[in-house]
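Working notes, structure below.
Excluded from the calculations below are hydrogen atoms, water molecules and symmetry mates; all remaining heavy atoms, backbone and side chain alike, are included.
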Amino acid sequence: MTRLRLGPLLRYVDGDGGGTATVWVEADRPSTAEVRCGDGAYGTSRTFHIAGHHYALILVTGLTPGTDTPYEVLLDDRRVWPPEDSRFPPSTIRTPAVPATELRVSFGSCRWASPPHDEPDPIGPDALDALATRIAGDPAAARPDVLLLLGDQVYADETSKATRRRLARRRDLSEPPGAEVADYEEYTHLYDESWSDPAVRWLLSTVPSCMIFDDHDLIDDWNTSAAWLADMRDKPWWQERVLGGLMSYWVYQHLGNLTPVELAADKLYAAVRAEPDGTELLRRFASEADRDPACARWSYRRDFGRTRLLMVDSRAARVLAERDRAMLDEAEARWVREQVLDGRGTESRGADGAGSAQSDTAYGVGGPADGTDARGPYARGPYDHLLIGTSLPWLLPPFIHDVESWDSALCGGERGPRWARFGERLRRAADLEHWAAFPRSFEELTALIAEAGSGPDAPATVCVLSGDVHHAYVAEPSWTAGGGPDARVAQLTCSPVHNSIPGYMKLGFRFGWSGPARRLGHALVRHGRVVRSSVNWRKTGGPWFGNQLMTLTLHGRSADLRLEQAHARRRAPESGRTPGSELVTVQERSLTP
């Protein structure tokens with residue numbers, strides 16, 4: 001009897017009412033997976049095989065726009081979802097009306113798996129658990145149209161007690177990498193633990209999700225510098241870790257990010273599905289992607305009506321050579337620019353390095369990097385809101401930004417070799433590897449945001465959505481040369497979903513916005529001979545600490561922001577027990593007054 005091991009995860013839902021969706025599942029043996037919807041919409045796929053595991057990404061077609069349709073999952077004609085004893089409502093696929101009038105985007109990052117429900121949670125309620133509780137309690141109420149998970153979906157280097165027990169049954173934890181995961185099989189345990197939580201499992205089955213990795217999906221400070229990478233490659237266990245990390249990310253997260261058109265054109269996906277066992281194909285791809293990041297693209301674009309989401313890989317696409325440091329390699333940076341400005345080409349590079357047609361829009365990508373083609377300048381994209389998802393914040397507290405810029409100058413030799421060695425030690429010890437630590441890339445992103453947000457056809461908002469730093473805040477820039485874009489520009493940072501932060505770091509983040517910190521940062525910038533940035537920015541919300549989610553509600557050209565934190569519900573007097581958690585609104589505001 002075939003069992004459902006993990007999932008279902010509702011991943012893609014057509015943002016323009018095209019009636020399609022994708023559902024990801026993992027089965028315990030080779031099988032035929034089906035999705036059957038209450039309105040007759042249907043999809044089926046044969047599982048593919050990776051390292052003893054069996055997966056399917058099922059394309060569902062025939063969905064009716066503007067409906068909320070219950071669905072079932074079957075494996076070899078036997079219903080495996082929803083479970084017979086489920087305490088949750090039926091999983092549904094909610095498709096947007098045409099034309100869509102409103103879009104709700106919830107986002108956050110950094111989630112340790114919740115402990116079993118009979119164990120205490122030392123870091124407080126999980127924000128995804130609390131969101132699931134609210135939606136399940138009133139399925140007809142407003143809920144996110146898409147959930148953006150902005151990195152650290154699993155922690156390969158900070159495992160739970162339960163995972164450590166499982167690892168100890170496989171190998172000697174006194175040998176490196178110890179209690180960290182070592183290979184693909186151990187990564188599958190992390191996803192089991194994270195996505196098997198009943199509330200989170202149901203939530204991910206009924207709210208579409210888009211994901212991107214950050215460092216802990218592989219290891220803390222992944223790709224900090226060329227010296228860091230050289231040291232890691234000298235470790236005998238690193239190669240298997242990075243292969244397992246990239247392979248599992250491709251299977252568990254990346255495939256579901258792609259649109260049906262992109263999936264149909266993805267040569268690696270087709271090859272893996274055609275093989276009885278696709279393990280070696282995927283291993284070769286992961287090895288090539290690790291050796292030459294330019295051969296793979298993990299960034300992607302999605303359009304939801306007149307809102308464009310561009311998820312940017314700020315980890316694997318880095319150029320680490322000290323004199324050429326960049327957050328994105330040249331081809332990746334050009335691709336990002338083309339997506340933001342809506343180039344008129346016909347192809348984009350998929351995660352396997354091959355061309356794949358762009359979907360969800362009448363425009364493709366490609367063309368020269370100067371923003372023109374044979375027919376003239378690129379037209380502005382047909383969107384009212386531009387969302388740039390990047391796991392690492394573009395705008396940090398100013399003092400932290402200045403420290404990272406200063407350190408980057410030291411590492412680059414601006415003050416000589418002794419300072420360079422000090423800078424490298426400091427960079428690793430203090431995690432100085434955000435956009436500010438790649439000054440050229442920071443300025444390029446800043447200029448691109450200004451260009452995208454300017455002109456008569458500019459969007460109403462350009463929002464950079466980030467996580468990583470285990471607190472939440474809103475920052476808004478002003479351009480030092482005066483003027484600036486017509487769009488409202490904001491850095492929206494929300495983290496963690498379920499994690500913690502030491503008290504001294506809370507003090508540091510608060511201090512980073514203060515006047516004395518700014519003056520100290522300016523002194524460091526002068527010492528490092530750092531060129532002054534083209535923007536200044538101020539905090540207009542936060543910092544907030546706790547397990548939390550942000551939600552953007554986009555209606556026409558208006559944008560409203562809500563921050564909610566997870567709290568334990570008060571004890572119910574009639575039952576004498578504590579019934580789970582809830583989301584409590586901390587701030588609600590308009591970004592487009």
Side-chain angles (χ1 to χ4, degrees), residues 1-12 21-37 42-60 71-86 88 90-91 113 153-154 162-163 165-167 169-171 181-198 200-202 204-206 209 240 243-256 258 263 266 268-286:
M1 182 184 300
T2 308
R3 295 185 303 107
L4 182 66
R5 175 170 173 172
L6 195 58
L9 274 72
L10 177 61
R11 297 303 313 274
Y12 169 90
T22 60
V23 176
W24 180 97
V25 297
E26 180 180 358
D28 70 344
R29 65 185 66 187
S31 54
T32 297
E34 298 177 69
V35 170
R36 296 179 185 174
C37 301
Y42 175 78
T44 184
S45 178
R46 189 69 185 169
T47 58
F48 61 91
H49 176 222
I50 300 292
H53 294 258
H54 307 278
Y55 310 95
L57 187 62
I58 306 157
L59 174 62
V60 182
Y71 73 91
E72 299 177 336
V73 175
L74 297 88
L75 294 175
D76 292 337
D77 289 322
R78 188 179 71 87
R79 195 186 86 166
V80 293
W81 186 270
E84 295 293 342
D85 58 350
S86 175
F88 293 97
S91 299
Q153 276 67 262
V154 293
T163 295
R165 287 193 295 267
R166 294 178 76 172
L167 300 183
R169 291 195 290 267
R170 293 189 79 227
R171 56 182 173 84
V181 300
D183 57 21
Y184 184 89
E185 179 62 27
E186 293 180 3
Y187 264 103
T188 69
H189 298 334
L190 295 185
Y191 286 102
D192 285 349
E193 180 181 48
S194 185
W195 292 352
S196 291
D197 173 274
V200 171
R201 188 174 191 177
W202 177 81
L204 295 177
S205 77
T206 204
S209 55
E240 200 59 37
L243 291 182
L246 293 177
M247 290 169 66
S248 62
Y249 177 78
W250 186 86
V251 171
Y252 286 83
Q253 299 191 52
H254 177 72
L255 283 179
L258 302 182
L263 286 167
D266 192 301
L268 177 62
Y269 181 53
V272 165
R273 294 179 69 199
E275 291 288 331
D277 185 343
T279 306
E280 285 307 312
L281 284 173
L282 189 54
R283 280 182 67 87
R284 285 200 297 271
F285 162 72

How far does CG of Leu281 sit from CD1 of Ile50, to the nearest 0.5 angstrom? 8.0 Å
Under-4.0 Å salt bridge between Arg79 and Glu84: yes
Does any N or O in the side chain of Arg11 come within less than 3.5 Å of the main-chain N or O of Val23, such that one atom is a donor and the other an acceptor? no
Pairwise distance CH2(Trp24) to CD1(Ile58) - rounded to 0.5 angstrom: 10.5 Å
Going by heavy atoms in the side chains, are Glu72 and Pro90 under 4.5 Å from each other? no
Could you check if a side-chain atom of Tyr71 sits within less than 4.5 angstrom of a side-chain atom of Val60, using non-hydrogen atoms only? no
Provide the closest heavy-atom pair for Pro198 versus Phe88 in the form atom of the first, atom of the second, distance. O-CE1, 3.7 Å
Thr47 and Ala27 have their tightest heavy-atom pair at CG2-CB, 4.5 Å
Side chain to side chain donor-acceptor pair (under 3.5 Å) assessment of Glu26 paired with Tyr252: CA-CA 9 Å; Glu26 180 180 358; Tyr252 286 83; 3.1 Å; yes
Would you check if Glu185 and His53 make a side-chain contact, meaning some heavy-atom pair closer than 4.5 Å? yes
How many angstroms lie between atom CZ of Arg78 and atom CD of Glu34, to the nearest 0.5 angstrom? 13.0 Å
Where is the tightest heavy-atom contact between Asp28 and Arg3, given as atom of each residue plus distance? OD1-N, 2.9 Å
Please tell me if the side chains of Leu190 and Gln153 come closer than 4.5 Å, counting only heavy atoms from C-beta onward. no
Evaluate the side chain to side chain contact (heavy atoms under 4.5 Å, CB included) criterion for residues Tyr42 and Arg36: first the C-alpha distance (whole Å), next the side-chain angles of each, then the deciding distance (0.1 Å), finally the verdict. CA-CA 5 Å; Tyr42 175 78; Arg36 296 179 185 174; 3.8 Å; yes
Quick one: CG on Asp77 to OG1 on Thr32, what's the gap to the nearest 0.5 Å? 8.0 Å
Smallest separation among heavy atoms of Pro30 and Asp76, with atom names: O-OD2, 4.1 Å
Ignoring hydrogens and angles, tell me if any N or O in the side chain of Thr22 forms a donor-acceptor pair with the backbone of Leu57 under 3.5 Å. no
His254 NE2 to Tyr249 OH distance, which is reported to the nearest 0.5 Å: 7.0 Å
Before giving the answer on side chain to side chain contact (heavy atoms under 4.5 Å, CB included), spell out for Thr163 and Glu186 the whole-Å C-alpha distance, their side-chain angles and the decisive distance to 0.1 Å. CA-CA 9 Å; Thr163 295; Glu186 293 180 3; over 6 Å; no
Is there a side-chain contact between Tyr55 and Leu255, using heavy atoms and a 4.5 Å cut-off? no
CZ/Arg273 to CG/Leu263 distance, rounded to the nearest 0.5 angstrom? 8.5 Å
Could you tell me if Ser86 and Trp202 have a donor-acceptor pair between their side chains, going purely by distance under 3.5 Å? no
Report yes if some heavy atom in the side chain of Ser196 is under 4.5 Å from a heavy atom in the side chain of Leu6; otherwise report no. yes
Residues that Arg165 engages under side-chain contact (heavy atoms from CB on, under 4.5 Å), provided they are two or more places apart: Lys161, Ala162, Arg169
Does a side chain donor of either Thr2 or Ser31 reach within less than 3.5 Å of an acceptor in the other side chain? no
Between Ser194 and Val200, the two heavy atoms sitting closest are O-CG1, 4.1 Å
Salt-bridged, Arg166 to Glu193, with N to O below 4.0 Å? no
Side chains of Tyr191 and Val154 in contact at under 4.5 Å (non-hydrogen atoms): yes
Might you point out which heavy atoms bring Leu10 and Ala21 nearest each other, and give the distance in Å? CD1-CB, 4.3 Å
Begin from the C-alpha positions of Met1 and Arg29 and carry the test side chain to side chain contact (heavy atoms under 4.5 Å, CB included) through to its verdict. CA-CA 9 Å; Met1 182 184 300; Arg29 65 185 66 187; 5.8 Å; no
Salt bridge (charged side-chain N to carboxylate O under 4.0 Å, His left out), that's the test. Do Asp183 and Arg170 meet it? Break it down for me. CA-CA 11 Å; Asp183 57 21; Arg170 293 189 79 227; 3.2 Å; yes
Can you confirm whether Val251 sits close enough to Tyr184 that some side-chain heavy atom of one is under 4.5 Å from a side-chain heavy atom of the other? yes
Does a donor on one side chain sit under 3.5 Å from an acceptor on the other, for Glu275 and His49? no
In sequence, state the C-alpha distance, the side-chain angles, and the governing distance for Leu282 and Leu246, and then conclude on side chain to side chain contact (heavy atoms under 4.5 Å, CB included). CA-CA 9 Å; Leu282 189 54; Leu246 293 177; over 6 Å; no
